Amino acid sequence: MVHPRATRTIRTTRALRGTALTAATALALALGLPSATATARPAPATPEAPSATSASSAPNVSSGSHASSASPAQTDSARPGDIVASSPTSFHPLPGQPTRTRAWHMEYRSTTAKGTPNVVSGTVIVPDDGRTGPRPLVTYAVGTVGLADSCAPSAGFPKGTTVEANLIQQLTARGWAVAVTDYEGLGTPGDHTYTVGRAEGQAVLDAARAAQRLPGAVRAGVTEDSPVGIMGYSQGGQASSWAAELHSTYAPELKVKGTATGGVPADLLKVADFNNGNVGAGLILMAAVGQDAAFPELDLAKYLNDKGRHYVDFMKKNCVAIDAIAGAFKKISDVTVKNPLYEADWQQRLRESDLGTRRPDAPVFLYHGTLDELIPYGVGKQLRADWCAKGAEVRWAPIPLGEHVVGAVAGAVPAADWLAGRFAGKPAHGNCG
């Protein structure tokens with residue numbers, strides 16, 4: 001016999017799941033369906049600082065090219081996180097929905113997975129509350145949006161079509177500033193280096209640096225003294241986890257108080273095997289495109305058959321809502337003449353994005369749905385075990401009956417509450433033991 005309390009819990013979880021999936025599907029379709037082809041990039045932003053150069057000087061790289069490995073007008077004094085250009089924009093969680101915020105689109109310097117300088121775009125959002133003293137800053141990594149420039153979070157914020165804007169609004173409502181990276185190759189020249197962990201993590205950390213150097217944000221309390229939180233789910237979980245692992249060596253000056261990360265694809269080879277022929281199969285091909293963008297020597301083209309070439313071209317022009325549907329339940333063998341994942345060079349590069357090999361130097365809140373249909377629950381558990389074994393302070397929070405989208409929605413508030421505790425200087429209370 002099922003206890004009445006358990007019955008209520010199951011009903012509540014089912015209701016949450018239905019609401020979350022309906023809302024997420026509607027928002028994802030709103031994001032993806034208009035993108036039958038990639039739209040033109042926004043007009044170049046105007047420089048905010050006298051030393052900044054206009055983004056319009058960036059090389060003109062076609063949508064079929066690999067990621068750009070050099071930033072425009074690079075100088076000896078340029079640093080990761082420096083602003084290249086910025087301009088005012090707006091932040092709307094839903095179309096036309098007002099928010100008491102100020103926002104800026106920015107292009108800032110970062111670093112590729114190979115260690116060369118590049119330029120990444122993003123958005124800084126600050127509550128319009130009159131506060132001028134140091135306020136908390138969250139550098140936020142969104143989940144998978146797609147490969148076309150029109151899918152970039154910064155492209156959707158003014159229109160109210162960026163799926164995770166509602167979760168970001170929960171952070172600005174607490175009085176926190178939020179920096180949101182577009183990642184490498186979304187909104188800037190070159191292909192998006194989707195699932196390349198080091199490039200993502202560096203872009204996340206450099207977004208925080210850029211926010212602290214943006215004059216308008218500085219006047220609104222985003223300063224070098226701001227406590228910093230890192231947050232992300234799914235692809236954003238990979239990016240935020242990489243940022244957590246890289247913080248001490250790549251951006252130690254940031255006052256990172258903690259990382260809230262969920263649905264983390266910590267082992268790309270296991271995730272690819274799990275999704276091969278299943279609902280998330282399209283994400284495998286997207287990830288192959290991303291790895292090939294970062295590492296052109298992998299030469300994805302030589303592995304693709306005609307169907308694979310068609311899907312890659314299609315995915316580069318569309319956003320995730322369409323790409324995921326187009327690629328669902330395909331097998332790797334359906335789109336290749338030879339499986340690249342069996343090749344030593346591909347395995348080496350994918351292994352370079354593994355998480356759990358370094359200890360985050362600040363506490364971590366790690367959450368994962370127990371019924372996740374895209375990122376196996378066991379992958380999340382292993383990341384927890386790896387970090388704990390290295391002495392990290394980890395608060396592990398499984399989400400019972402949580403699928404992938406449910407995990408994102410159900411975990412968002414507890415993750416933000418946990419970050420609030422870190423900003424307040426409270427003990428993190430890890431549960432590795």
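Basis for what follows: all heavy atoms, side chains included, without hydrogens, waters or symmetry-related copies. Quick caveat: nothing in here was measured; it's all calculated off a predicted structure.
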Can you establish whether the number of heavy atoms outside Lys390 located under 6.0 Å from its atom NZ is more than 12? yes
Quick check for you: to the nearest 0.5 Å, what is the distance between Glu184 atom CD and Ser121 atom OG? 11.0 Å
List the atom of Arg174, the atom of Ala416, and the distance in Å for their closest heavy-atom pair. NH2-CB, 3.5 Å
With a sphere of 6.0 Å drawn around CD of Gln347, does it hold more than 12 non-hydrogen atoms of other residues, nucleotides or ligands? yes
Checking the side chain of Arg219 only, and the main-chain atoms of Val222 only, is there a donor and an acceptor separated by less than 3.5 Å? no
From CA spacing to verdict: side-chain contact (heavy atoms from CB on, under 4.5 Å), Leu374, Asn275: CA-CA 7 Å; Leu374 296 180; Asn275 282 285; 3.8 Å; yes
His92 and Gln97 have their tightest heavy-atom pair at ND1-O, 2.6 Å
Side chain to side chain, Leu419 and Trp176, heavy atoms closer than 4.5 Å: yes
Test side-chain contact (heavy atoms from CB on, under 4.5 Å) on Tyr194 and Leu186; report intermediate values, then the result. CA-CA 10 Å; Tyr194 177 59; Leu186 277 180; over 6 Å; no
Are any non-hydrogen side-chain atoms of Val379 and Val264 less than 4.5 angstrom apart? no
Nearest 0.5 Å please: distance from the CG atom of Asp225 over to the NZ atom of Lys255. 5.0 Å
Using atom types as modelled and distance alone, determine if a side-chain donor or acceptor of Gln169 lies under 3.5 Å from a backbone N or O of Pro93. no
Is the shortest side-chain heavy-atom distance between Val271 and Pro376 below 4.5 Å? yes
Shortest non-hydrogen contact from Ala260 toward Ser240: O-OG, 4.3 Å
I'd like to know if the side chain of Asp372 reaches the main chain of Gly369, judged simply by a donor and an acceptor atom lying under 3.5 Å from each other, with no hydrogens or angles considered. no
Does Arg209 make a cation-pi contact with Tyr250 (under 6.0 Å, within 45 degrees of the axis)? yes
Nearest heavy atoms of Leu167 and Ala408, plus distance in Å: CD1-O, 4.2 Å
Could you tell me the separation between the CG atom of Leu254 and the OG1 atom of Thr139, rounded to the nearest 0.5 Å? 8.5 Å
If you measure from OH on Tyr342 to CD1 on Ile332, what distance do you get to the nearest 0.5 Å? 7.0 Å
Contact check, side chains of Asn339 and Trp346, non-hydrogen atoms, under 4.5 Å: no
Geometric class of the Tyr233/His404 ring pair [parallel <30°, tilted 30-60°, perpendicular >60°]: tilted
Going by atom types alone, do Asn118 and Thr112 pair a side-chain donor with an acceptor below 3.5 Å? no
So CG of Leu350 and CD of Gln291: to nearest 0.5 Å the spacing works out to 5.0 Å
Can a donor-acceptor pair be found, under 3.5 Å and without considering hydrogens, that links the side chain of Thr99 to the backbone of Phe91? yes
Just by distance, do the side chain of Asp292 and the backbone of Leu300 share a donor-acceptor pair under 3.5 Å? yes
Does a side-chain heavy-atom distance below 4.5 Å link Gln235 with Met286? no
Would you kindly say whether Glu200 and Thr193 are connected by a side-chain donor-acceptor distance under 3.5 Å? no
Asn276 (side chain) donor-acceptor with Asp273 (main chain) under 3.5 angstrom: no
Evaluate the side-chain proximity of Val289 to Met315: yes if any heavy-atom separation is below 4.5 Å, no if none is. no
I'd like to know if the side chain of Tyr303 reaches the main chain of Val335, judged simply by a donor and an acceptor atom lying under 3.5 Å from each other, with no hydrogens or angles considered. no
Flag for Thr144-Ser234: side-chain donor and acceptor within less than 3.5 Å: no
How close do Tyr377 and Thr370 get, counting heavy atoms only, and between which atoms? CD1-CA, 3.6 Å
For a quick test of your reading: what N or O donor-acceptor pairs under 3.5 Å do the side chains of residues 355-367 make, sequence neighbours left out?
from   : atom 1 : to     : atom 2 : distance (Å)
Arg358 : NH1    : Glu245 : OE1    : 3.2
Asp361 : OD1    : His247 : ND1    : 3.0
Asp361 : OD2    : His247 : ND1    : 2.9

Separation between CZ (Arg213) and OG (Ser86), nearest 0.5 Å, reads 13.5 Å
Can a salt bridge be assigned to the pair Asp354 and Arg351 using a cut-off of 4.0 Å between side-chain N and carboxylate O? yes
Could you point out which residue of Arg102, Arg135, Arg100 forms a salt bridge (Lys or Arg N to Asp or Glu O under 4.0 Å) with Asp129? Arg135
Classify the ring geometry of His368 against Trp396: parallel below 30°, tilted from 30° to 60°, perpendicular beyond 60°. tilted
Using atom types as modelled and distance alone, determine if a side-chain donor or acceptor of Asp149 lies under 3.5 Å from a backbone N or O of Gly187. yes
Passes side-chain contact (heavy atoms from CB on, under 4.5 Å), Asn431 versus Arg384? Steps please. CA-CA 10 Å; Asn431 56 2; Arg384 180 241 187 169; 4.1 Å; yes
List the steps and the verdict of side-chain contact (heavy atoms from CB on, under 4.5 Å) for Met231 and Val178. CA-CA 10 Å; Met231 189 172 187; Val178 182; over 6 Å; no
Should we count NZ of Lys114 as having more than 12 external heavy atoms under 6.0 Å? yes
So, do Arg349 and Leu298 sit near enough that their side-chain heavy atoms are less than 4.5 Å apart? yes
Main-chain N/O of Cys432 paired to Trp387 side chain as donor or acceptor, under 3.5 Å: no
When you measure from the side chain of Ser353 to the backbone N and O of Gly197, does any donor-acceptor pair fall under 3.5 Å? yes
Between Gln170 and Asn166, do the side chains contain an N or O donor and an N or O acceptor separated by less than 3.5 Å? no
For a quick test of reading the model, state the closest non-hydrogen atom pair linking Val204 to Ile230 and the distance between them. CG1-CG2, 4.1 Å
So do Leu285 and Val312 actually touch side chain to side chain, heavy atoms under 4.5 Å? yes
Below 30° counts as parallel, above 60° as perpendicular, anything between as tilted: where do the rings of His192 and Tyr183 land? parallel
Pi-cation contact, Trp418 with Arg422 (under 6.0 Å, within 45°): yes
When you check the gap from the basic side-chain N to the acidic O, do Arg109 and Asp206 get nearer than 4.0 Å? no
